[in-house]
Amino acid sequence: MTQIIVLPHEELCPEGAAFEAEPGTSILDAMLENQIDLEHACEKSCACTTCHCYVREGGESLNENDEVEDDLLDKAWGLDPDSRLSCQALVADEDLVVEIPKYTINMVSESH
């Protein structure tokens with residue numbers, strides 16, 4: 001099992017979290033299974049950017065981004081070199097530290 005540490009997020013995970021996930025599980029599925037309700041407007045089909053996250057540690061162990069994910073990430077709020085779509089990033093055998101961005105495109109456009 002791989003440990004995922006989620007850094008504190010004001011709304012979704014104020015205290016932060018740590019849990020284990022099976023290799024091959026997406027970061028998004030692991031968060032949802034552990035009551036971190038990260039938005040996923042396209043229902044995990046790699047068609048939006050609402051599940052955008054930053055993999056601050058362990059990202060090199062994840063599966064490679066494909067062209068579709070890269071194209072979508074270009075539209076994500078707060079894109080940085082650690083950015084991934086959590087619905088596409090599959091856990092491997094290295095522990096991860098994940099940060100949830102303060103905003104998503106949906107949060108900005110819907111004035112949350």
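- Inter-residue side-chain proximity for Val6 and Asn34 is flagged as unmet; no heavy-atom pair is nearer than 4.5 Å.
- Here the side chains of Ile100 and Ile36 are in contact, with some heavy-atom distance below 4.5 Å.
- In the hydrophobic clustering (ILVMFWY side chains linked at under 4.5 Å, chained through shared members), Val97 is joined by Ile5, Leu7.
- With sequence neighbours left out, Ala92 forms a side-chain contact (heavy atoms from CB on, under 4.5 Å) with Ser61.
- In this structure, Asp93 has no side-chain contact (heavy atoms from CB on, under 4.5 Å) partners at least two apart in sequence or on a different chain.
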Problem - Intermediate values then yes/no, side chain to side chain contact (heavy atoms under 4.5 Å, CB included), Leu32 and His40 - result: CA-CA 10 Å; Leu32 294 172; His40 50 287; 3.7 Å; yes
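- Note on Leu38 and Leu62: same hydrophobic cluster, where clusters join Ile, Leu, Val, Met, Phe, Trp and Tyr whose side-chain heavy atoms are under 4.5 Å apart, directly or indirectly.
- Cluster annotation: Val68 and Leu85 are assigned to the same hydrophobic cluster (Ile/Leu/Val/Met/Phe/Trp/Tyr, side-chain heavy-atom contacts under 4.5 Å, transitive).
- Distance alone, capped at 3.5 Å, is enough to place a donor-acceptor pair between the Ser86 side chain and the Cys51 backbone.
- Residue His52 holds its NE2 atom at 5.5 Å from CG of Leu79, rounded to the nearest 0.5 Å.
- At distances below 3.5 Å, at least one donor-acceptor pair connects side-chain atoms of His9 with backbone N or O atoms of Pro101.
- Pairs passing the salt bridge (charged side-chain N to carboxylate O under 4.0 Å, His left out) check and including a residue from residues 14-34, sequence neighbours excluded, read Asp29-Lys44.
- Every residue two or more places apart in sequence or in another chain that forms a side-chain contact (heavy atoms from CB on, under 4.5 Å) with Asp80 is listed here: Tyr54, Arg56, Asp82, Ser83.
- Considering CG of Leu96 and CD of Glu60, their distance stands at 9.0 Å, rounded to 0.5 Å.
- With hydrophobic clusters built from ILVMFWY side chains whose heavy atoms lie under 4.5 angstrom apart, Trp77 does not share a cluster with Leu73.
- The environment of CD in Glu10 is sparse: at most 12 heavy-atom neighbours from other residues, nucleotides or ligands sit within 6.0 Å.
- Between the Thr50 side chain and the Ala41 main chain, a donor and an acceptor come within less than 3.5 Å of each other.
- No chain of hydrophobic side-chain contacts below 4.5 Å, direct or via other Ile, Leu, Val, Met, Phe, Trp or Tyr residues, connects Leu72 to Val98.
- Residues that satisfy the side-chain contact (heavy atoms from CB on, under 4.5 Å) test with Leu90, not counting sequence neighbours, are Ser26, Asn63.
- Listed by chain and number, the residues in a side-chain hydrogen bond (donor to acceptor under 3.5 Å, both in side chains) with Glu69 are Arg84 (sequence neighbours excluded).
- Not counting sequence neighbours, Asp70 has no partner by the salt bridge (charged side-chain N to carboxylate O under 4.0 Å, His left out) test.
- Between Leu12 atom CG and Met31 atom CE the span is 9.0 Å, to the nearest 0.5 Å.
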